[in-house]
Each structure stands twice: as structure tokens, then as C-alpha cells.
J.: 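Attaching a single structure in C-alpha cells format; questions to follow.
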Amino acid sequence: MTDQRVVLATNNQHKLIELRRLLALGGHEIEVVGLGDVPAYPEPAETEWSFEANALLKARACVQHTGETALADDSGLEVDALNNCPGVRSARWAGPQADDEANTDLVLRQLSDVPPTQRGAHFVCAMALVTADGQEHIVRAEWPGSLAEEPRGGNGFGYDPIFVPEGFGITSAELSPSDKDALSHRGQAVRAMVPVLVEVLSSSETAK
């Protein structure tokens, strides 16, 4: 193990690939591993009421159990007509065991009588970086848009099939993966965190 390594507190291979790609594009030789690459530990329940707090909770737990620098994110959908719900409950909106389709269907039913001009929404992603010596950094990004009246597209997951990004006439599930990475809330958050991560790891190595 070297200081030029970070644990991304996720089992989502898409997130690992994305972070590795963005670091490589910047010429940064930082090893990114996921939860499947470190000894298993009980992951914390996402009990906080903000994306930032949940991201910190997950990153802190990862540091506590691995002793390594950790990144974690929490993201979701906020709908204007639903008072910014589902928010931090986005993944569980239709119940603890709900899948993407059930969550999406529930949101569409809740907006069934809401006209197109009042279906504003935005995706949110908060990303936290925590180090073994107690440093903590957070970035937040938002992706504005509106909600379609029915799902369209097969390139995304979660609420992507009903989210129409601002300035577009198609859903985020109809965008190419590269276009989605360039525009999305998570892509924005990762790009904002990369220079922070590079600085933290460089400072740690210099201090040795």
C-alpha cells in the first residue's frame, strides 16, 4: 500500500471506472480501489438528512475500518413539486427493498396531475474525502432539469429515464455515457474532487 491510493467506498464498478478514467485523463497515477478490494466491514446505514452528511458518514466508516484515505458519495433526485423529495431517500422512495422501476413509477404517480411547466427537478451529488489523519473535504454538484411524463432511454439507471436535463429534449438515459459523464451531477462532483484528492495525497507523501 502507498500514499498514492484511495478507497472509493462503493461496490459500484461504474463509479470505480469513472474515477479511474478521470484521474488517468489528468495524468495522475493514483490507485483507486473499491470495497471489494479491502477487508469486508459493516457498511453504515444512511441515516442522515443531507447528502453531505451521508457521504461523510460512509467515508469516515471506510477510514475507520481500512486506515486508508477514502472517498464516498451520496446522490439523489430533488423534485420541486414534491418539496425537494425524494432527496436522500431517492434509492428507497418506494420502500426499503424497492428497485429503480418502483421508485420511478412512484414519482410519476405523485406528479400525475402536475403540468409540464411545473415538473422542475435536479439531481444532487455530494462527495466526501476523509483521510486517516482526520482531514475532511466535501464537494457538492447539481444537475438541473425537469421530469418527463414517462420513462425513455436505456443508457442510465435510477431516475435517469425520466430526467430531462436543462437545455435538452431527451432524458439522461437517452444520452451517450460520455455525454452523461460530462454533464451529470456525479461527473461534476468527481471532477471537482480530483484536484483536492491529488493535493491531499501529494501533501501526505511530501510529509513523509
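All values derive from a computational prediction rather than experimental measurement.
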J.: Looking at side-chain heavy atoms only, is the closest gap between Val124 and His122 below 4.5 Å?
T.: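 The answer is yes, as the side chains (C-beta and beyond) meet within the 4.5 Å cut-off.
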
J.: Considering all heavy atoms of both residues, which atom of Thr104 and which atom of Tyr159 are nearest to each other, and what is their separation?
T.: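 Answer, listing the atom of Thr104 first, then Tyr159: OG1-CD2, 3.8 Å.
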
J.: Using the ring-ring contact (aromatic ring centres under 6.0 Å, His included) rule, collect all pairs that involve residues 73-102, keeping only residues at least two apart or in two chains.
T.: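 Qualifying pairs: none.
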
J.: Between OG1 of Thr69 and CG of Leu8, what distance do you get to the nearest 0.5 Å?
T.: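 Reported value, rounded in 0.5 Å steps: 12.5 Å.
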
J.: Keeping to residues at least two apart or across chains, list the ring-ring contact (aromatic ring centres under 6.0 Å, His included) pairs with something in residues 46-87.
T.: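 Residue pairs passing ring-ring contact (aromatic ring centres under 6.0 Å, His included), neighbours aside: Tyr41-His65.
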
J.: What do the steps show when you test Leu82 against Asn84 for side chain to side chain contact (heavy atoms under 4.5 Å, CB included), and what is the final call?
T.: CA-CA 5 Å; Leu82 299 180; Asn84 284 338; over 6 Å; no

J.: Check whether any side-chain heavy atom of Lys58 lies under 4.5 Å from a side-chain heavy atom of Glu43, and answer yes or no.
T.: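 The answer is no, as the side chains (C-beta and beyond) never meet within the 4.5 Å cut-off.
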
J.: Taking it one step at a time, do Leu71 and Met127 satisfy side chain to side chain contact (heavy atoms under 4.5 Å, CB included)?
T.: CA-CA 7 Å; Leu71 278 173; Met127 179 164 279; 4.1 Å; yes

J.: What heavy-atom pair brings Arg92 and Asn103 nearest, and what distance separates the two atoms?
T.: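 Shortest heavy-atom separation between Arg92 and Asn103 comes out as C-OD1, 3.9 Å.
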
J.: Mind checking salt bridge (charged side-chain N to carboxylate O under 4.0 Å, His left out) for Asp160 and listing every partner two or more places apart, or none if nothing turns up?
T.: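 With sequence neighbours excluded, Asp160 shows a salt bridge (charged side-chain N to carboxylate O under 4.0 Å, His left out) to Lys180, given in chain and number order.
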
J.: For residues Gln4 and Glu29, determine if any side-chain heavy atom of one lies less than 4.5 Å from a side-chain heavy atom of the other.
T.: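 Not touching, per the 4.5 Å side-chain cut-off.
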
J.: Quick one: are Met193 and Val196 in side-chain contact, heavy atoms under 4.5 Å?
T.: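 They are in side-chain contact.
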
J.: Between Gln188 and Ser184, do the side chains contain an N or O donor and an N or O acceptor separated by less than 3.5 Å?
T.: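 Note: Gln188 and Ser184 side chains miss the donor-acceptor criterion.
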
